Structure formats: structure tokens, C-alpha cells
Amino acid sequence: MAISMKALVVVGLVVVGLISMASAGPGIATFYTEYVPSACYGFEDQGVMIAAASPKIYNDGAACGRMYNVRCTGPTNQGIPQPCRGNGFTVKVVDLCPGCQGSALDLSQEAFSQIADPDAGRIHIEFN
């Protein structure tokens, strides 16, 4: 029995989607407002959908240019009990966040605002 090319493409996309969802990691996100200079690109403007990565993620610059899909999963404090808004989006790692711990991304203010109320300041995320 022959399987059509269209069916194979659909199955492939489903598998890729499942792998992508399974590899999502939990973390923390904050935001920053001064984007240049950056550790990866110096004074070259990289737009506003960007992030600075914790030393663990940054990995001595190996994360420069890496794209992450980021999604808010909840609050880290009682101040804003439901900070999440919208769907996930993609950011590009352009900088190091030396003060960030563990699996943390310091998002541009514009990027943070896409997924959460900026008044929250700090949120739980999933990213891959």
C-alpha cells in the first residue's frame, strides 16, 4: 500500500511538533530595556524581540543567535496573580545576563509584554 507524500509530510510535522513540545524547558523570565551594546553583537541593532541568557544558557557565547520559543506559564509572586497573556513567541539570544540564575531569560521589555503583564516583573516560562 502506497502512502501519499502529503500524508508523510503531515505525519512528519506532527512528530516534530511533539518532539518540540517534549523538549520545552521550564525557566524564569524578567525584562530589560537597554539593548545595545550586547555581548553577542556589540552595537549592532538586533531589533526588539531579543533576550539575554543566564550564564548556564549563554554557555560562553554558544547561545548567541539561538532562537527560543517562549511562553508564560504563571506568576512567581502574589503581586500579579495572573500575569500571562497571549501565546508564545520567538526571541533571539543577543546578550549575557550575568545576574540571572539557572534557566533564566532576561527578555526585552517588548518581548516580555507580548506574553505577560510587565508589572509582574518576573514570571515562570517554558522555552525551547
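When reading the values below, keep in mind they use all heavy atoms of this one structure, side chains included, and skip hydrogens, waters and symmetry mates. Note that the structure is a prediction, hence the values are computed from the model and not measured.
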Let me confirm one number: the [atom1]-[atom2] distance from [X] to [Y], rounded to the nearest 0.5 Å.
X    : Y    : atom1 : atom2 : answer
T33  : D106 : OG1   : CG    : 9.5 Å
L105 : I28  : CG    : CD1   : 10.5 Å
K92  : I50  : NZ    : CD1   : 9.5 Å
E110 : F31  : CD    : CZ    : 10.0 Å
N69  : N128 : CG    : CG    : 5.5 Å

Could you tell me if the side chain of [Y] sits less than 4.5 Å from the side chain of [X], heavy atoms only?
X    : Y    : result
S103 : K56  : yes
I115 : L107 : yes
S113 : P118 : yes

(request) Compare every heavy atom of D95 with every heavy atom of C40, then report the nearest pair and how far apart it is. (result) SG-N, 3.9 Å
(request) List the atom of V93, the atom of A53, and the distance in Å for their closest heavy-atom pair. (result) CG1-CB, 4.0 Å
Between the side chain of [X] and the main-chain N/O of [Y], is any donor-acceptor distance below 3.5 Å?
X    : Y    : answer
R85  : C72  : no
S54  : G102 : yes
S108 : V48  : yes
T76  : H124 : no

(request) Only pairs at least two apart or in different chains count here, so list each ring-ring contact (aromatic ring centres under 6.0 Å, His included) that has a residue in residues 68-100. (result) Y68-F127
(request) Report the residues that fulfil salt bridge (Lys or Arg N to Asp or Glu O under 4.0 Å) with R71, sequence neighbours left out, ordered by chain and then residue number. (result) E126
(request) Keeping to residues at least two apart or across chains, list the disulfide (SG to SG under 2.5 Å) pairs with something in residues 99-128. (result) C97-C100
(request) Could you go through the side-chain contact (heavy atoms from CB on, under 4.5 Å) check for V70 and T90 one step at a time? (result) CA-CA 6 Å; V70 182; T90 302; over 6 Å; no
(message) For F112 and I123: C-alpha separation, side-chain torsions, deciding distance, then whether side-chain contact (heavy atoms from CB on, under 4.5 Å) applies.
(response) CA-CA 9 Å; F112 190 96; I123 56 171; 3.8 Å; yes
(message) Could you go through Y58 and C64, starting from their C-alpha distance and side-chain angles, then the distance that decides it, and tell me whether this counts as side-chain contact (heavy atoms from CB on, under 4.5 Å)?
(response) CA-CA 7 Å; Y58 187 74; C64 287; 3.8 Å; yes
(request) Count the heavy atoms of every other residue, nucleotide or ligand shown that sit under 6.0 Å from CZ of R66, and state whether that count exceeds 12. (result) yes
(message) Can you tell me if Q109 has over 12 outside heavy atoms packed within less than 6.0 Å of its CD?
(response) yes
